[in-house]
Amino acid sequence: MPELPEVETIRRSLSDWIRKSRRQVEGLKVFREELLKNSTIEELQDKFGGAFIDSLERRAKYLIFNFSNHHSIVLHLGMEGRLLLDNKRLENVQLIVYFGDNSELYLDDIRNYSRLYFVRSDEVGELNSISKLGIEPFTNDFTFENFSALLDSRQEIKRLLLDQSKIAGLGNIYASEVLFICGIHPERQANKLTMKEAQRLYKGIPELLGKAIEKRGTTIFKYRDIDGSKGEFQNYLEVYGRKGKNCGRCGGTIEEMEQGGRKTYLCPSCQSLRKD
DNA sequence: AGTATAACCTGTCTGC
DNA sequence: TGCAGACAGGTTATAC
């Protein structure tokens with residue numbers, strides 16, 4: 001489910017929430033042990049009892065909780081995982097964290113794809129999942145030089161944009177959307193994009209993600225912010241999920257295709273297979 | 001090394 | 001109405 005804008009929305013909400021009051025872990029309960037990828041329930045309970053949440057970071061689609069005991073929890077919400085501050089919408093609870101001020105944080109995931117890693121804070125970057133991630137929009141590493149270097153690949157551009165080891169944070173929704181916005185056909189070979197097209201993508205990616213963050217993410221199905229509220233960016237999607245509807249730019253018909261087992265949406269007349 | 005496919009889960013929707 | 005099959009925001013192990 002959550003791509004970069006959704007995870008960033010959750011991170012900001014949780015940051016506000018810990019700013020309101022120091023959140024000290026009183027205990028935690030794990031309901032599905034497979035959630036824990038590199039630790040046991042006992043280790044988690046031992047380590048985090050009494051610890052305060054100091055800060056929250058995000059790397060790509062991973063949320064990183066930094067605790068006062070110099071350890072961190074790295075969480076990926078998979079396809080449909082969500083973090084909620086009340087138990088009104090729970091469907092399949094994976095984890096409950098109990099805090100000293102009587103608040104509770106629930107990890108809910110009907111599809112069991114969420115994953116939790118537990119590491120020393122100074123070793124977060126060494127986690128396999130984190131170390132493999134590519135350049136991240138909104139950071140100093142996201143230069144045009146770095147971006148254009150990773151376009152040096154025969155891969156189709158849509159597949160490349162989904163490859164987290166190249167660019168980290170885009171998922172199936174925003175990959176389709178950004179290619180529409182930039183007028184690039186999803187099957188174009190990455191290393192055959194023109195300089196202008198590469199520049200449009202380089203600007204277009206953070207622009208689109210920034211707008212989606214402003215609208216607090218895209219709720220198509222399960223995604224919710226920590227208070228249960230939906231995002232609004234689904235109202236601004238131009239192609240994703242709009243098969244058969246009209247293109248807002250040219251009036252043509254939005255089409256659906258498949259790339260690497262995932263749906264891609266495009267406007268064939270705005271996104272030509274030929275170069276500019 | 002780099003890239004493509006299958007597998008992981010479970011609820012929901014579609015079409016026969 | 002019932003049921004098989006397809007599909008869903010993602011990642012990763014395995015196979016070329």
Side-chain angles (χ1 to χ4, degrees), chain A residues 1-11 31-38 58-63 74-84 89-94 107-117 127-134 136 149-179 186-192 208-209 212-213 215-225 230-244 256-265:
Chain A
M1 148 186 61
E3 306 182 29
L4 187 155
E6 290 74 39
V7 179
E8 177 62 17
T9 300
I10 292 169
R11 189 198 66 78
F31 293 83
R32 191 179 66 93
E33 195 156 6
E34 302 80 61
L35 168 71
L36 312 180
K37 289 303 171 190
N38 65 349
R58 179 189 56 74
R59 177 75 172 95
K61 304 171 189 171
Y62 291 85
L63 260 179
V74 178
L75 183 65
H76 195 295
L77 295 172
M79 289 277 255
E80 295 176 8
R82 56 246 192 115
L83 285 169
L84 296 165
R89 305 160 195 80
L90 299 180
E91 296 174 338
N92 187 23
V93 189
Q94 312 269 322
L107 171 62
D108 187 56
D109 181 0
I110 196 89
R111 237 168 125 186
N112 297 341
Y113 279 166
S114 293
R115 298 190 310 281
L116 186 153
Y117 302 88
L127 266 181
N128 233 325
S129 305
I130 300 290
S131 66
K132 285 187 311 194
L133 292 170
E136 171 101 26
L150 53 88
L151 293 180
D152 182 20
S153 158
R154 285 194 299 265
Q155 255 189 328
E156 293 172 347
I157 185 62
K158 160 76 170 0
R159 287 167 173 257
L160 186 143
L161 292 179
L162 286 180
D163 184 343
Q164 302 298 302
S165 70
K166 302 215 164 102
I167 307 163
L170 288 171
N172 211 28
I173 297 176
Y174 299 110
S176 274
E177 290 294 310
V178 78
L179 288 171
E187 287 179 306
R188 289 281 302 286
Q189 214 173 293
N191 59 8
K192 297 211 174 133
L208 169 67
L209 296 176
I213 292 169
K215 298 294 176 190
R216 309 189 68 76
T218 300
T219 298
I220 290 174
F221 194 39
K222 291 287 179 184
Y223 167 68
R224 295 290 187 281
D225 200 348
K230 297 181 178 181
E232 287 176 23
F233 200 72
Q234 63 276 15
N235 301 318
Y236 299 86
L237 297 178
E238 308 219 50
V239 288
Y240 186 86
R242 300 191 67 246
K243 176 190 180 186
E256 177 189 272
M257 57 181 286
E258 196 168 306
Q259 281 179 294
R262 315 209 54 194
K263 284 282 157 57
T264 299
Y265 297 87

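Labels below follow one simple rule: chain letters A, B, ... track the order of the sequence lines, proteins then strands, and each chain is numbered from 1.
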### Task
Verify, without hydrogens or angle tests, whether A:Glu256 (side chain) and A:Lys263 (backbone) share a donor-acceptor contact under 3.5 angstrom.
no
### Task
Can you tell me the distance, in whole Å, between the CZ atom of A:Arg154 and the P atom of C:dC16?
19 Å
### Message
For a quick check of understanding: with a heavy-atom distance under 4.0 Å over all strands, which category does A:Glu91 fall into, base, sugar-phosphate or nothing?
### Response
nothing
### Task
Side-chain contact test, heavy atoms from C-beta onward, threshold under 4.5 Å: evaluate it for A:Leu237 versus A:Tyr265 and give yes or no.
no
### Task
Tell me what A:Tyr62 touches on the nucleic acid: a base, only sugar-phosphate, or nothing, going by heavy atoms under 4.0 Å.
sugar-phosphate
### Query
Which is true for A:Lys37 with a 4.0 Å heavy-atom rule: it touches a base, it touches only sugar-phosphate, or it touches nothing?
nothing
### Query
Is the A:Tyr62 ring parallel, tilted or perpendicular to the A:Tyr117 ring (thresholds 30°, 60°)?
tilted
### Nearest-angstrom distance, P atom, B:dC9 to C:dT14
14 Å
### Task
Answer with base, sugar-phosphate or nothing: what part of the nucleic acid does A:Ile220 contact at a heavy-atom distance below 4.0 Å?
base
### Query
Any side-chain N or O of A:His76 less than 4.0 Å from the OP1 or OP2 oxygen of C:dT11?
yes
#### Entry: Nucleotide of C:dT11, B:dC9, C:dA8 approaching A:Asn112 most closely (side-chain heavy atoms)
B:dC9
### Message
Is there a side-chain contact between A:Asn191 and A:Arg154 in this structure, where contact means two heavy atoms from C-beta onward sitting under 4.5 Å apart?
### Response
yes
### Distance in angstrom units between A:Lys222 NZ and B:dC13 P, rounded
10 Å
### Task
Pick base, sugar-phosphate or nothing for A:Thr219, based on heavy-atom distances below 4.0 Å to the nucleic acid.
base
### Message
Quick check on B:dG2: is either OP1 or OP2 less than 4.0 Å from any side-chain nitrogen or oxygen of A:Ser153?
### Response
no
### Query
Counting just side-chain N and O atoms, does A:Lys263 come under 4.0 Å of either OP1 or OP2 of C:dC7?
yes
### Task
Starting from C1' on C:dA8, measure out to OH on A:Tyr240 and report it in whole angstrom.
7 Å
### Message
If I pick the P atom on C:dT1 and the same atom on B:dG11, what distance separates them, to the nearest angstrom?
### Response
22 Å
### Whether A:Phe233 and A:Tyr174 hold their rings parallel, tilted or perpendicular, with breakpoints at 30° and 60°
tilted
### Query
A:Leu161 CG to C:dG10 P: how many Å, rounded?
12 Å
### Query
What is the distance from CD of A:Gln259 to P of C:dA8, rounded to the nearest Å?
13 Å
### Task
Report the distance from atom CZ of A:Arg82 to atom P of B:dT10, rounded to the nearest whole Å.
16 Å
### Message
Measuring to OP1 and OP2 of B:dT5, would you say a side-chain N or O of A:Arg159 lies under 4.0 angstrom away?
### Response
yes
## Note on the structure
Rounded to whole Å, CG of A:Leu162 lies from P of C:dT12 at a distance of 14 Å
### Message
Can you tell me if A:Gln155 touches the phosphate of B:dA4, counting only side-chain N or O atoms and a distance under 4.0 Å to OP1 or OP2?
### Response
yes
### Message
Any carboxylate oxygen within less than 4.0 angstrom of a Lys/Arg side-chain nitrogen, looking at A:Glu136 and A:Arg58?
### Response
yes
### Query
Is there a Watson-Crick or G-U wobble partner for B:dC8 with both distances under 3.5 Å, and which nucleotide is it?
C:dG10
### Message
Treating A:Asn92 as the side-chain partner and A:Asp109 as the backbone partner, does any N or O pair qualify as donor plus acceptor under 3.5 Å?
### Response
yes
### Message
As a test of reading the structure: which of B:dT10, B:dC8, C:dT12 is closest to the side chain of A:Tyr113, going by heavy atoms?
### Response
B:dC8
### Task
By nearest nucleotide on DNA chain C, pick out whichever of A:Leu133 and A:Arg111 is the more 5' one.
A:Arg111
### Query
Does C:dT12 have OP1 or OP2 sitting under 4.0 Å from an N or O in the side chain of A:Ser129?
yes
### Query
Hey, is the side chain of A:Lys166 poking within less than 4.0 Å of OP1 or OP2 on B:dG2, counting only N and O atoms?
no
### Message
What is the separation between atom CG on A:Leu75 and atom P on C:dG10, rounded to the nearest whole Å?
### Response
15 Å
### Task
Name the closest nucleotide to the A:Asn172 side chain, picking from B:dT10, C:dG10, C:dT11.
C:dG10
